[in-house]
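Notes follow once the structure below has been shown.
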Amino acid sequence: MMPFQVMRLRKVWNPSMLSVPASIWLDHSTDVTDASGNASQWNDKSANSWHFSQATSGARPLIVPAGLNGLRTLRFNGTSQFLSCAVGSAQSIFAGVGAGWSFFVAKKLALDGADTERAMLYVPTNGITARYAVSLGNSSVGGANKPSISGRRLDTDSFARVSSATAVDTNFHILLMVNDWSSGSIAIYRDGARDVSGPMTTAGTTSATASAHPLGIGATATPTPSQFADVELAAALVGRATLP
């Protein structure tokens, strides 16, 4: 009798396995519209179909066909490139909720020599300020190249921010950024471990108002885009109401 082996198949995790589905799902498996090597749209794979797009050719991120483990990534240059979502329901993603989170597989392209705000995700309030913002680096608390999460619960609240104690390098990292508005706390999880946490200004649900401007990935998407991120993104997930 010939010897034989039994192969055990390992099931690899993917976002569809979340008990509460992500509201935004962007990664290598979601469609990208290729416009001469740059992405004019990154399709959302969630049930919402909140696609992120860019109509201006010079502001489209570069498509990297084999960016991480042979899988496609998008590369933002840090000076002009970003994607935005102006779907009305998307602009209400963090309206009247008790929690919000985002998950990234990302790397910074170059290290800044000074404190510089580099927005990976920006969700405005009903004005031009941030309700929920994630950046690699910040410009206010000695945060060059450090993961940072910030925002407000109420549109009238003062700004709250938590920044990692250590800077990233130019390798890919896994970041989970959590706003637990109901308990008044924010936290950063980095490469699978809790990195830092801190308080929000107040606790409860967020203002029941939609964002006044589109959601931005790679920069703020307010009337004058800013805080451009020099980042390569392999995945970006965003969830509302319930923490993963």
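Minimum heavy-atom separation, P244 to L18: CB-CD2, 4.3 Å. Here the closest non-hydrogen pair linking G143 and D115 is N-OD1, 3.3 Å. A pairwise comparison of heavy atoms in A106 and L233 identifies CB-CD2, 3.5 Å as the closest pair. Nearest heavy-atom pair, A110 versus D230, reported as atom, atom and distance to 0.1 Å: O-OD2, 3.1 Å. Considering every non-hydrogen atom in both K108 and L136, the closest pair reads CE-O, 3.8 Å. Residues Y122 and I128 approach most closely at OH-O, 3.1 Å, considering heavy atoms.
For the pair W25/N14, a side-chain contact is recorded, criterion being any heavy-atom separation below 4.5 Å from C-beta on. N38 places a side-chain heavy atom less than 4.5 Å from the side chain of Q81. For the pair N171 and K107, the minimum side-chain heavy-atom distance is 4.5 Å or more. Between T79 and F228 the shortest side-chain heavy-atom distance does not fall below 4.5 Å. Residues I24 and I93 meet the side-chain proximity criterion, which asks for heavy atoms closer than 4.5 Å. Two residues are said to be in side-chain contact when any heavy atoms from C-beta on lie closer than 4.5 Å; R75 and N77 fail this criterion. Residues S135 and Q227 form no side-chain contact, since every pair of their non-hydrogen atoms from C-beta on lies 4.5 Å or further apart. By the 4.5 Å heavy-atom criterion applied to side chains, I174 and F172 are not counted as neighbours.
D34 contributes atom CG, which lies 12.0 Å from atom CG of D31 (distance to the nearest 0.5 angstrom). Interatomic distance, CZ of R240 versus OG of S102, reported as 14.5 Å (0.5 Å rounding). Put simply, OG1 on T166 and NZ on K146 are 7.5 Å apart, with the number rounded to the nearest 0.5 Å. For the atom pair CZ (F52) and CG (L215), the distance works out to 5.0 Å, reported to the nearest 0.5 Å. Within the model, atoms OG1 of T202 and CZ of R153 stand 3.5 Å from one another, a figure rounded to the nearest 0.5 Å.
In this pair, W181 and Y132 present their aromatic rings perpendicular. The plane angle is above 60°, beyond the 30 to 60° band.
With hydrogens and angles left out, the side-chain atoms of T209 and R131 include a donor and acceptor closer than 3.5 Å. For the 3.5 Å distance criterion, the side chains of T220 and S226 qualify, holding a donor opposite an acceptor. Looking at S183 and D180, their side chains do bring a donor and an acceptor atom within 3.5 Å of each other. Looking at E232 and T73, their side chains do bring a donor and an acceptor atom within 3.5 Å of each other.
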Practice task
Using the side chain to side chain contact (heavy atoms under 4.5 Å, CB included) rule, take L121 and F104 through it: C-alpha gap first, then chi angles, then the decisive distance, then the call.
Solution key: CA-CA 10 Å; L121 173 66; F104 299 91; 3.7 Å; yes
Exercise for the section: Output, in order, the C-alpha distance, side-chain angles, deciding distance and verdict of side-chain hydrogen bond (donor to acceptor under 3.5 Å, both in side chains) for R190 and S164. Expected result: CA-CA 9 Å; R190 181 169 167 175; S164 175; 2.9 Å; yes
Practice task
Decide yes or no on side chain to side chain contact (heavy atoms under 4.5 Å, CB included) for T129 and R152, but give the supporting numbers first.
Solution key: CA-CA 9 Å; T129 55; R152 296 166 172 79; 3.4 Å; yes
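Remark: the backbone N or O of I188 is not paired with any side-chain donor or acceptor of D195 at under 3.5 angstrom. Side chain of S148 to main chain of N138: no donor-acceptor pair is present (N/O by atom type, distance under 3.5 Å, no hydrogens or angles). Of the possible donor and acceptor atoms, one in the side chain of H51 sits under 3.5 Å from a partner among the backbone N and O of D44. S46 places a side-chain N or O within donor-acceptor distance of the main-chain N or O of S23, the cut-off being under 3.5 Å. The backbone N or O of V97 sits less than 3.5 Å from a side-chain atom of T206, completing a donor-acceptor pair. At distances below 3.5 Å, not a single donor-acceptor pair connects side-chain atoms of R194 with backbone N or O atoms of A187. At distances below 3.5 Å, not a single donor-acceptor pair connects side-chain atoms of N126 with backbone N or O atoms of S211.
No continuous path of ILVMFWY side-chain contacts below 4.5 Å connects F82 to V238, so the two sit in separate hydrophobic clusters. Hydrophobic cluster membership differs between I149 and W101, with clusters built from Ile, Leu, Val, Met, Phe, Trp and Tyr side chains linked at under 4.5 angstrom. L243 and M177 are members of different hydrophobic clusters when ILVMFWY side chains are connected at heavy-atom separations under 4.5 Å. Both V123 and L83 are part of a single hydrophobic cluster, where members link through side-chain heavy atoms under 4.5 Å apart. Residues L26 and L175 share a single hydrophobic cluster, defined by chaining ILVMFWY side chains whose heavy atoms lie under 4.5 Å apart.
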Listed pairs under 3.5 Å, donor-acceptor, residues 58-72 side chains, sequence neighbours left out:
from: R60; atom 1: NE; to: Q54; atom 2: O; distance (Å): 3.0
from: R60; atom 1: NH2; to: A55; atom 2: O; distance (Å): 3.1
from: R72; atom 1: NH1; to: T30; atom 2: O; distance (Å): 3.2
from: R72; atom 1: NH2; to: D27; atom 2: O; distance (Å): 2.7
from: R72; atom 1: NH2; to: H28; atom 2: O; distance (Å): 3.4
from: R72; atom 1: NH2; to: T30; atom 2: O; distance (Å): 2.6

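For the salt bridge (charged side-chain N to carboxylate O under 4.0 Å, His left out) condition, no pair includes a residue of residues 79-100, sequence neighbours left out.
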